[in-house]
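One structure is given below, encoded as structure tokens.
The chains referred to below are lettered A, B, ... by the order of the sequence lines, with proteins before strands, and numbering in each begins at 1.
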Protein chains: 2
Amino acid sequence: MKGSDHQTTRRTSRKEGESMLTPEILAALRAAVGEEWCLTSKADLMAYSYDATPLYQRLPDAVVLPRTTEEVAAVLQIAHAHRIPVFTRGAGTNLAAGTVPAGGGIVLSLNRMNRILEIDQENLTATAEAGVITAELHKAVEAVGLFYPPDPGSMTSSTLGGNVMESAGGLRGLKYGVTKDYVMGLTAVTADGRIFRAGGKNVKDVAGYDLVKLICGSEGTLCVVTEVILKLLPMPEAKRTALAVFHDMEAAARTVSRIIAARIIPCTLEFMDNGTIRAVEDYVHLGLPTDAAALLLIQQDGPASVCDADIQRIAQICREEGATRVEHASDPAEQDRLMQARRFALSALARRRPTTILEDATVPRSQIAPMVAEIQRIAQKYDLDICTFGHAGDGNLHPTCMTDERNKEEIQRVEQAFAEIFAAALELGGTITGEHGVGEAKSPYLEWKVGPVGIELMKNIKKAFDPHGILNPGKLFAGETRKRVVVRQ
Amino acid sequence: MKGSDHQTTRRTSRKEGESMLTPEILAALRAAVGEEWCLTSKADLMAYSYDATPLYQRLPDAVVLPRTTEEVAAVLQIAHAHRIPVFTRGAGTNLAAGTVPAGGGIVLSLNRMNRILEIDQENLTATAEAGVITAELHKAVEAVGLFYPPDPGSMTSSTLGGNVMESAGGLRGLKYGVTKDYVMGLTAVTADGRIFRAGGKNVKDVAGYDLVKLICGSEGTLCVVTEVILKLLPMPEAKRTALAVFHDMEAAARTVSRIIAARIIPCTLEFMDNGTIRAVEDYVHLGLPTDAAALLLIQQDGPASVCDADIQRIAQICREEGATRVEHASDPAEQDRLMQARRFALSALARRRPTTILEDATVPRSQIAPMVAEIQRIAQKYDLDICTFGHAGDGNLHPTCMTDERNKEEIQRVEQAFAEIFAAALELGGTITGEHGVGEAKSPYLEWKVGPVGIELMKNIKKAFDPHGILNPGKLFAGETRKRVVVRQ
């Protein structure tokens, strides 16, 4: 990541390398959060200069780690008074350069705000600080028989605040929706450092514009969320898993449609194409047929009798549509074994070449087969190695390109290919990002999806919350240069 | 309603009674929608001068009924150019004066845009124009085995567009959420007459701010929605109903909590207090015990075996908590009979006195018992006849005051009582409106819920969409005068 050529964009006219933070501002920040929680050493600044999106790296001038909402407010009051950019982050697992500094400014880490404040079993809500790790919340609510469905791939390290800011998805989106569907209320701080609350524990609440849902997915550009009230569900009683192998992509896609047409909504309906199957088999030797065109991995949860009936019916549909192999399991260990193929998909692909570019172009579920065909056509056209896996049930695909970022010419072809993949997704009624967010990396494509009126309205909303543009500048609405999400291995 | 003293508020300095519409503007409107769909006769203006909220009535200058999104855009271009207020409406069933003109201006009726454009069984979506009546959509999707859960009380006359603008609720909110949870995409027209689309058929989409959810519940103040893409579910296989009578309000509330604690989420969990029970019994003679403190009406839907198990368990919990009578039914006719008590609640109460004031203060589910006690205390304090029924499962109560609007002194007490009821709901972590919207009637109370920062952000959002304030002026952010929702019988 070092030596990246994206390192120099600065938003102010100050001299290159010069800090935006005067000694007075630094002293104020130290007073706000405590001496030891305001970091300025080169090593510390380096640690917060990137997120999970390689190729993007820029140093901030300081990193602050407040412990309370009031400390966050104090930091923002200082930043606002001096028009210093603030880059809020949780675990930094973002894949769209959404938490990379723009060069200088303050990184505001919420990792110390990591308390689960309440699990309210009567109202089925959890109240937690933004820095709580998602998987920790899962554990805490599951311990009392409750269920928080959002399960982004990053959940063992990503934070609730990050999930909320990206409206993170996961494997259970088809049946359970995404993070946004579970955020009922929040405590936040405005760009100028005022604390406000929106929403609450009410299942129904139509008092004014829905600030909660607007802030979800706003990628740190509207305000800083410090605390969330999340909706919980009763833990489903049972779970069943099926794995089906197809010699024909169309048949796999037809199977997805027929499961839905049978009025079954599985909790998970994952897909892997031939290239991904081969990579996984090569890596972990599960005995998958390497000539298979597609693999579907299907899970259902709910009352045991319903799960059993659903998974039997699903297996039957798979066979009717020509699956060459169908396994299903109710035993947890056996279910785990079936899930392995999907779990190893990204790591298996990433072994092949130095750089892995992971995208999340998404289409309506009915368009999966044409979209996969388009991806294959585009890969051939640009002579690239692109495999696809992802959430077939909700149309959220992960076309993944194995490349080498040192090969500038190839990277250019990769960028052209992905631009074409986004365009293809949009032509099929899809979107440029299903769950990773726009960030800096996909900002040149946002207008493709939302149109000029959409961009104008969104820019106006940004101004409504942050008139001086100090919150996460350079994200969502950045310039026109194409840059890609690159997961370096 | 005629002779109301709320009829004279005008927003411009033009002479009282003088039209805002010059002959040139009227000619342009006629050209935009067709001569016969631009109404200006006194009788027509009267017909669109009020909604379901009596005491509020003001004449518009014209009523236009466009047939297409393009015609809506043309109307808004004209209105915007001349800064003429536009009051968009569907069926006018609003209970918060949300669709009453501010005096003069254009009423934009979307009733002619009433086509269901598509039911997409692969993606489980329905696409429909804003003027489609909600119950018509129910029928159309149910005919193919699909399910659109939102079921506001007004659904046999209210329109999808109106439901979206209010994020309407209903009896199934506890399990299925509200209108907002089912809106995936929309076509809309900006205040200055530009058409845009937001969202789509993608289950996951994080491309920019969520305009769809922000526009849902925006009460006609941000843009005009002409078409919606709605999420559908498979139709639940079966339904079961139980009715339980309690001699003690606390026991009924405990029962609600215990049902949830048993990890059962019924689709409907309705409540009636003693006054409502007596009114219903007096009206339709169902054999309800008139000394009962509370009645719970509970429905579960889903696979038959699960419904059966759930409703048996629910009946058992009711008995354990001291219900004096528990009936449950699986036969549809028998279920209908049990539902009657709830269905007649409002009509039964409304017979008692000339004027019925229906509110929708909402609290977290765990606070139902204290909230009902507060309502009873406040009714006594102000010497008023207030009964409460509503959606116990989601804390959405309908305290209902039987009064006489001709008695100015009593109406003053009613207003004081409801202000106190709102304050009590907020103290219990609730909200001023669970499903009716803020409109004009509850605008003096919005800040009580969202605070000064919330109001400021909302006003900024309003400006972001409608800088000249031509869309439904006087709603959400109106002055400080207290006015109440009055359903005249």
Side-chain angles (χ1 to χ4, degrees), chain A residues 121-124 145 166-167 169 173-174 178 190 194 196 198 200-211 213-214 216-218 234 257 260-261 263 265 303 305-306 362 364-366 394-396 429-435 437-438 446 449-451 453-454 457-458 460-461 464-465 476, chain B residues 121-124 145 166-167 169 173-174 178 190 194 196 198 200-211 213-214 217-218 234 257 260-261 263 265 303 305-306 362 364-366 394-396 429-435 437-438 446 449-451 453-454 457-458 460-461 463-465 476:
Chain A
Q121 298 198 47
E122 273 198 277
N123 293 306
L124 298 187
E166 305 299 322
S167 190
L174 167 59
V178 297
T190 59
R194 288 175 295 161
F196 69 100
K201 290 185 181 178
N202 298 289
V203 174
K204 291 177 177 165
D205 185 356
V206 291
Y209 302 138
D210 195 337
L211 299 181
K213 302 287 188 210
L214 175 62
C216 284
S218 65
S257 294
I260 304 297
R263 307 292 182 244
I265 310 286
S305 62
V306 176
T362 298
R365 172 193 307 135
S366 62
D394 53 30
N396 180 197
T431 183
I432 58 168
T433 174
E435 56 183 12
V438 173
L446 181 59
K449 171 64 174 79
V450 305
V453 177
L457 292 174
M458 289 180 191
N460 290 349
I461 291 170
F465 279 78
L476 284 183
Chain B
Q121 297 197 49
E122 274 198 277
N123 292 307
L124 298 187
E166 305 299 322
S167 190
L174 167 60
V178 297
T190 59
R194 289 176 294 161
F196 69 100
K201 290 184 181 179
N202 299 289
V203 174
K204 290 177 179 167
D205 184 356
V206 290
Y209 303 137
D210 194 337
L211 298 181
K213 302 287 187 211
L214 175 61
S218 66
S257 294
I260 304 298
R263 305 296 182 239
I265 309 286
S305 62
V306 176
T362 298
R365 171 194 308 135
S366 61
D394 52 29
N396 180 196
T431 183
I432 58 167
T433 174
E435 56 182 12
V438 173
L446 181 59
K449 171 65 174 78
V450 305
V453 176
L457 292 174
M458 289 182 191
N460 289 349
I461 291 170
K463 274 191 216 115
F465 279 79
L476 284 183

Contact leader toward chain A among [options], where contacts are heavy-atom pairs under 4.5 Å:
{"options": "B/T433, B/I260, B/N202", "value": "B/N202"}
{"options": "B/A198, B/G208, B/A261", "value": "B/G208"}
{"options": "B/I432, B/L446, B/L174", "value": "B/L446"}
{"options": "B/K463, B/K201, B/M458", "value": "B/M458"}
{"options": "B/E166, B/R194, B/Q121", "value": "B/R194"}
{"options": "B/T362, B/N123, B/I461, B/V450", "value": "B/N123"}

Heavy-atom pairs under 4.5 Å with chain B: which of [options] has the most?
{"options": "A/L214, A/I265, A/N460", "value": "A/N460"}
{"options": "A/V453, A/V203, A/V178, A/D205", "value": "A/D205"}
{"options": "A/L457, A/V306, A/L476, A/V438", "value": "A/L457"}
{"options": "A/A464, A/G429, A/G434, A/G437", "value": "A/G434"}
{"options": "A/G454, A/S257, A/G451", "value": "A/S257"}

Would you mind checking which part of [X] comes under 4.5 Å of any heavy atom in chain A, side chain (CB onward), backbone (N, CA, C, O), both or neither?
{"X": "B/S305", "result": "side chain"}
{"X": "B/L124", "result": "both"}
{"X": "B/R365", "result": "both"}

(Q) Any carboxylate oxygen within less than 4.0 angstrom of a Lys/Arg side-chain nitrogen, looking at B/K213 and A/D210? (A) no
Per-residue contact mode, [X] against chain B (heavy atom under 4.5 angstrom):
{"X": "A/N396", "result": "side chain"}
{"X": "A/T190", "result": "side chain"}
{"X": "A/L211", "result": "side chain"}

Q. What are the two closest heavy atoms between B/K449 and A/A207, and how far apart are they?
A. CG-CB, 3.9 Å
Q) What's the shortest heavy-atom distance between A/G145 and B/R263, and which atoms? A) O-NE, 3.5 Å
